[in-house]
Amino acid sequence: MRIKFKYYKVIFPLLMAIVSSVSVFASKSNWQDAQWIWQEEAGPANTWVAFRKSFNLNEIPEKALANIAVDTKYWLWVNGKMVLFEGGLARGAAPNTNYYDEVNLKSYLKEGQNTIAILVWYWGRTRKVHDDSGKGGLLFHANLGKQQLISDTTWKMKVHPAYDPKSGGGGGSANRVNAYNVKFNAQKSLGDWSDNAWYTSNYDDKNWDKPIVKGDANGKPWGTLVKRAIPQWNDRGLVNYESLTLKSNKEKIHLPFKNTKDSSLVIRAKLPFNQQITPYLKVKSKAGKTIVADMDNPFNMLKGIYITKDGVQEFEGYSWINGHFVEYTIPAGVEVLELKYRWTGVGEMTGTFETSDSYFTRLWWMARNTLYVCARNNYMDCPDRERGLWIGDVADQTGAVFYTLDEPGRLLLKKGIDNTIAYRAGDTIQGLAPGFGAYRGKSSELTGQSLQYIDQGIWQYYYNTGDKATLENAYLAVFNYLKLWSMQANGLPKHRKGYANWVDWGIDTDPVATNVVLYFMALQSAKKMAIALGETKDITWYDERIASIKSNFEKEYWQGNRYGSQNKVIEERVSALAIISGLAKKEHYNTLVDSVLVPVKKSSPHMEWIAEEAIMITGQYDKGLQRMKDRYQEQVNKEWLSTLYEKFLPKLRGTYNHAWNAPNYVLSRYIAGIKATAIAWSSYEVKPNLAHMTSVKQIVPSVKGDITLEVNKTESNYQLDLISPEKTTATVYIPKEDKEIVKILVNGKNVWRKNKLKKQLEGFDFKSEDDEFLVFQIKPGTWQLTASYK
């Protein structure tokens, strides 16, 4: 590292040597003089490189913020203590940009000698998660009070010999995951190279290599540095499994455990539910034994492989995998001392849902787990087979995010929108992140998914967060994409096939009619975007197309008992979308529900929740719940299963954790009855529809704060408890249940008698009444409403 001194003439040479890597004055730039460093080769792919830097620190600074960028992932230690587990956000579909992390080092530093150690893993291939820069690299800059620490040629570097670059894994085609198996040979280990060289292990790095400068900050091929779009993973540390059993006979075992057999055996380690984890082991063994940590998950493409040295040793496979059980293959003669796992992920699942019907409580929990295990560097279709940013899958996830995840989950949606806009091909909004388009030799536009993403992805993200900057970034791309669609003489949009005519994995699809409705919904949402952004010049264009489709949809697609193309067999997707979009006439609702949406079950989970939502919109909640129960019963009944499948039986299952299972969105919005009614939840509605249930509890992690609801009902009473966050207005519906409401207590005070509001309470106002409900408006605070029926 270069040294800069304001008054260098008065600094003694000895002092200069002591602070050989440090500058007296920190620069205003995040990356002042920092350089990308690596070995002489650009890669190669699947390379692990260890970096070390020892430096003297005269005093602990008030702040010690480090900025770190790599291609692709890194692990950071200061003075032998792990600071960050898996830093580095995959580049996604953002050409010419590279994410960097901001990490606080203060609590790990000490006066005197310090050592920073960084293990960098360069993937070196472009697939659905990550856009490879073509060069591995490390870029580091830290402000340490009066000193700064930067990456340059004074660091030490060594390609880690224990990590095998020919470890395999990730699938054989460009249509699979970026990462590789982690294969580690402990006999080639570097020892405790992450520790402090002077005061603890006396680690000798004199024979390590000098790194090569590969480029300047913000230079190519890595591109412009952009601060990490989401917080670091929530690292919950190493913990014990729920149970350990032998796979062969299901015998429960306890540690320590020695394999006294003549051959290998498999220990199944049970996780609480399907999670993103890294497996850990501590064993006593002779050298040369191979231990494998794999998953029960049949679609898992990655595993940890450990080759032992002599003695007691430990290992953690740093590439995350997922499933319900970790399966450790233990060779003969190996004694297992500890087996643990580390669960990491994006933020927390702070949303909850519980009802008196245990089936729906469990189904919501399974859907919650499915959403969370499909979120990491981006929202993805599945956490094993592909990890791809299919934007139709993300659109399916979006509604559930706002009932389930906290702020990091919302920020991951923003990243997905920004990446999608950056990745478009000309004016075409494509279907997923890098790799697939090049693999197929054409644009990866799936027209149905692109349209769905405009309405359910981009618009719903803005509506629930109020993030206008992201909407502004996306709007022109949305407008230009919708203009690619031409109108026909019949007043409806001309079908665009994209690279495939796919709209759903289910049977008897109707792509043309489906896309007509999805285009209509995209137009409606794009018009709302234009209004929100003041793009008034575009509104006439939207209005003309919206009006044209409204005028012509019925005569083209109403077939007497359903909506759809005349030459297609009956299916439920077009009818469901017609209801959700507002194109369906209300006079058809009962026919559509009874003739199509209840009996016809041809959709896959990708569009299943749309059918269920359509039934809920008609107000026939029991029928919507029954359909949901019929479709998911077989999965809910599997006690071991904690996430939801890609497909329904009798078709092939696919992954058991696929993104587009979203019953938690339908249950939260229509059964708990909580939904935003204004941008960023400044106002929202509480209108529970318990159907056959007697209670429901819900926590909604809104952008304004948690909304907590509990409803309990009996034949004679209806009690609603609500905690409403600041800067919100709640509209609360009290059902009449075809009975006379004789009394309403609000926080213990009687405010309603003889069908009239008897007492005014601050923050509580009567709004309206109809045949079904009394409606009140409520300011922030804690409220209990109890209605008594005659």
Side-chain angles (χ1 to χ4, degrees), residues 29-51 66-76 86-102 118-141 150-153 155 157 159-160 163 165 170 174 176-180 209-229 377-378 387-389 415 418-426 430 432-439 441 443-444:
S29 168
N30 283 343
W31 304 103
Q32 179 68 29
D33 295 327
Q35 296 172 311
W36 284 95
I37 56 175
W38 195 247
Q39 63 176 335
E40 187 171 352
E41 294 181 70
N46 192 20
T47 296
W48 298 75
V49 180
F51 291 90
N67 292 328
I68 308 171
V70 299
D71 189 342
T72 311
K73 296 285 183 179
Y74 71 92
W75 287 257
L76 171 67
E86 196 198 312
L89 185 60
R91 287 159 55 92
N96 303 315
T97 63
N98 202 102
Y99 293 109
Y100 72 89
D101 297 338
E102 185 179 81
I118 303 175
L119 177 64
V120 179
W121 186 18
Y122 174 58
W123 286 349
R125 59 184 177 188
T126 290
R127 292 190 175 179
K128 292 184 177 179
V129 173
H130 170 69
D131 190 4
D132 178 40
S133 72
K135 284 186 179 181
L138 166 68
L139 185 68
F140 182 96
H141 175 275
I150 60 175
S151 52
D152 64 6
T153 58
W155 285 55
M157 181 214 82
V159 175
H160 202 306
Y163 287 98
R176 296 301 181 229
V177 303
N178 293 79
Y180 303 80
D209 300 323
K210 178 180 178 180
I212 304 296
V213 170
K214 308 296 283 190
D216 295 326
N218 295 304
K220 293 182 178 179
W222 304 277
T224 303
L225 292 156
V226 178
K227 190 173 182 180
R228 184 185 179 98
N377 289 279
N378 47 257
R387 302 185 179 180
L389 183 73
K415 177 182 181 290
D418 290 342
N419 285 175
T420 301
I421 298 306
Y423 185 61
R424 67 192 187 279
Q430 299 189 94
L432 73 161
F436 195 76
Y439 171 66
S443 164
S444 59

Q: Go through the side-chain N and O atoms of Y74 and D101 and say whether any donor and acceptor fall under 3.5 Å apart.
A: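 Judged by distance alone, the side chains do pair up.
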Q: Quick one: pull up CD1 in I212 and CD in E40 and give me the separation to the nearest 0.5 Å.
A: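 Atom-to-atom, I212:CD1 and E40:CD are 5.5 Å apart.
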Q: Work out which heavy atom in P211 is nearest to a heavy atom in T153; give both atom names and the distance.
A: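 Minimum heavy-atom separation between P211 and T153: O-CG2, 3.7 Å.
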Q: Tell me whether the rings of F51 and W38 are parallel (<30°), tilted (30 to 60°) or perpendicular (>60°).
A: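 The rings of F51 and W38 sit tilted, inter-plane angle from 30° to 60°.
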Q: Is there a side-chain contact between W36 and P221 in this structure, where contact means two heavy atoms from C-beta onward sitting under 4.5 Å apart?
A: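 No. Closest side-chain heavy atoms not under 4.5 Å.
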Q: Please round to the nearest 0.5 Å and tell me the distance separating atom CG of N178 and atom NZ of K73.
A: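 If we round to the nearest 0.5 Å, N178:CG and K73:NZ are 9.5 Å apart.
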Q: To the closest 0.5 Å, what do you measure between CG (L225) and CD1 (I68)?
A: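 Interatomic distance, L225 CG to I68 CD1, rounded to 0.5 Å: 12.5 Å.
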Q: Please report the shortest heavy-atom distance between Y99 and L89, naming the atom on each side.
A: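 Result for this residue pair: CD1-O, 3.6 Å.
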Q: By the definition side-chain hydrogen bond (donor to acceptor under 3.5 Å, both in side chains), identify the one residue from N98, N377, D131 that meets it with R91.
A: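 It is N98, the one option of N98, N377, D131 that forms the side-chain hydrogen bond (donor to acceptor under 3.5 Å, both in side chains) with R91.
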Q: For residues P44 and Y122, report the shortest heavy-atom separation together with the two atoms involved.
A: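 So the two residues come closest at O-CD2, 3.3 Å.
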Q: Can you give me the closest heavy-atom contact between V70 and G88, atom names plus distance?
A: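 Heavy atoms only, the tightest pair is CG2-CA, 4.4 Å.
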Q: Can you name the residues that form a side-chain hydrogen bond (donor to acceptor under 3.5 Å, both in side chains) with K214, not counting sequence neighbours?
A: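 In terms of side-chain hydrogen bond (donor to acceptor under 3.5 Å, both in side chains), with neighbours along the sequence ignored, K214 is linked to no residue.
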Q: Just verifying a value: how many Å separate E102 CD and K227 NZ, rounded to the nearest 0.5 Å?
A: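 One finds 4.0 Å between CD of E102 and NZ of K227.
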Q: Would Y100 and L139 count as a side-chain contact (heavy atoms from CB on, under 4.5 Å) here? Give the steps.
A: CA-CA 9 Å; Y100 72 89; L139 185 68; over 6 Å; no
Q: Does a side-chain heavy-atom distance below 4.5 Å link W48 with W75?
A: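 Yes, close enough: below the 4.5 Å cut-off.
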Q: Can you list everything that forms a side-chain hydrogen bond (donor to acceptor under 3.5 Å, both in side chains) with W121? Sequence neighbours excluded, please.
A: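 side-chain hydrogen bond (donor to acceptor under 3.5 Å, both in side chains) check on W121 returns N46.
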Q: Under a 3.5 Å distance rule, please check whether T97 uses its side chain to pair with a backbone N or O of V226 as donor and acceptor.
A: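 Not at all, since once roles are kept as given, no pair shorter than 3.5 Å links the two residues.
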Q: Check ring pair (Phe, Tyr, Trp, His ring centres under 6.0 Å) between Y180 and all other residues, then give those that pass, not counting sequence neighbours.
A: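 Per chain and number, Y180 pairs via ring pair (Phe, Tyr, Trp, His ring centres under 6.0 Å) with no residue.
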Q: Would you say the side-chain atoms of Q430 pair up with the backbone N or O of Y423, donor to acceptor, closer than 3.5 Å?
A: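 Answer holds: yes.
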Q: Nearest heavy-atom pair of I37 and S151: which atoms, and what distance?
A: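 That closest heavy-atom pairing would be CD1-CB, 4.0 Å.
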Q: Quick one: which of D71, N96, T126 gives a side chain to side chain contact (heavy atoms under 4.5 Å, CB included) with S133?
A: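 Passing option: D71.
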Q: What distance do R228 atom CZ and N67 atom CG have between them, rounded to the nearest 0.5 Å?
A: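 Rounded to the nearest 0.5 Å, the CZ-CG separation comes to 13.0 Å.
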Q: Mind running side-chain contact (heavy atoms from CB on, under 4.5 Å) on V177 and V129 for me, showing each step along the way?
A: CA-CA 7 Å; V177 303; V129 173; 5.8 Å; no
Q: Please find the pair of heavy atoms, one from R176 and one from R127, that lie closest to each other, and give the distance.
A: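 Shortest heavy-atom contact: O-CD, 3.0 Å.
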Q: Could you check V120, L119, T47 and say which one makes a side chain to side chain contact (heavy atoms under 4.5 Å, CB included) with H160?
A: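 Single side chain to side chain contact (heavy atoms under 4.5 Å, CB included) partner of H160 among V120, L119, T47: L119.
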Q: Taking the side chain as C-beta and beyond, is there a heavy-atom pair between I118 and F140 under 4.5 Å?
A: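 I118 reaches F140 side chain to side chain.
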